[in-house]
Each structure stands twice: as C-alpha cells, then as structure tokens.
Amino acid sequence: MELSEIERILKENLNIEEVYAQGENAHFGVIVVSDEIAAMPKVKQQQTIYAPLMSYFTTGEIHALTIKTFNREKWKRERMLNVIN
C-alpha cells in the first residue's frame, strides 16, 4: 500500500488538518493533526482512524498501524522542537 493512499483516505474521510504516513511492508505509522480527534479518548481516536482503513486490514495490505495524534497547538510545538534539535 502506498503512503500517499493512506494519507488520501484519511484526509477524505476524517476532519483532519494534516496527516503524515510512513512505513512499509504492511507496517505503517500515521501522524494525525486534528483538534477534534486529539480531544477524543485514546481508544476512540484509534477507532476513528482505523475505520476508513478497515478494508485494508482485512486484505492484509495493512497489518499494523501506529497512531500519533496532535491538536494544532501541540503539533506546532512538536515541529518547533524537532527543528531545534
């Protein structure tokens, strides 16, 4: 599965500001920037992000998905820290 495809699916189906996918061989990670999703409990975040990708888990195109969520403010700080380090 292409990283750009994961990003496209999530952008089209969820209320997110930014999304970044990484990984290979059916093991992927996503960073999702969304005030709405970041405010949810962790389990609800996972359920929300997994939902539009569920058919790809069924086919094996995605075997594992690591999720990191940020609201816009925390994402700005995270990016600043990574630029400085």
Query - CA sep, side-chain torsions, deciding dist, call: I9, M1, side chain to side chain contact (heavy atoms under 4.5 Å, CB included) - result: CA-CA 12 Å; I9 291 165; M1 172 151 220; 3.8 Å; yes

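- With sequence neighbours excluded, the residues satisfying side chain to side chain contact (heavy atoms under 4.5 Å, CB included) with D35 are N71, R72.
- When the side chains of ILVMFWY residues are joined at heavy-atom separations under 4.5 Å, either directly or via intervening members, L14 and L65 end up in a single hydrophobic cluster.
- Scanning for side chain to side chain donor-acceptor pair (under 3.5 Å) contacts around T48 gives an empty result, with sequence neighbours left out.
- Note on I6 and Y56: same hydrophobic cluster, where clusters join Ile, Leu, Val, Met, Phe, Trp and Tyr whose side-chain heavy atoms are under 4.5 Å apart, directly or indirectly.
- Sequence neighbours left out, not one pair with a member in residues 21-32 passes side chain to side chain donor-acceptor pair (under 3.5 Å).
- Within the structure, every pair that satisfies the side chain to side chain donor-acceptor pair (under 3.5 Å) test and touches residues 4-17, not counting sequence neighbours, is listed here: E5-R8, R8-E12, N15-E36.
- Legend: residues meeting side chain to side chain donor-acceptor pair (under 3.5 Å) with T58, ordered by chain and number and at least two apart, are absent.
- Partners of E61 under the side chain to side chain donor-acceptor pair (under 3.5 Å) rule, at least two apart in sequence or in another chain, are T59.
- Pairing each heavy atom of G60 with each of A26, the nearest pair is O-CB, 3.7 Å.
- Contact check for S34 versus T69: no side-chain heavy atoms found under the 4.5 Å cut-off.
- Both M54 and I67 sit in one connected hydrophobic cluster of ILVMFWY residues. Membership requires side-chain heavy atoms under 4.5 Å apart, directly or through other members.
- Residues passing the side chain to side chain contact (heavy atoms under 4.5 Å, CB included) test with L3, sequence neighbours excluded: A21, F28.
- Hydrophobic clustering (side-chain heavy atoms under 4.5 Å, transitive across Ile, Leu, Val, Met, Phe, Trp, Tyr) groups I62 together with L10.
- The side chain to side chain donor-acceptor pair (under 3.5 Å) check on Y50 picks up nothing, with sequence neighbours excluded.
- Under a hydrophobic-cluster definition in which Ile, Leu, Val, Met, Phe, Trp and Tyr are linked whenever side-chain heavy atoms come within less than 4.5 Å, directly or via other members, W75 and V19 are assigned to different clusters.
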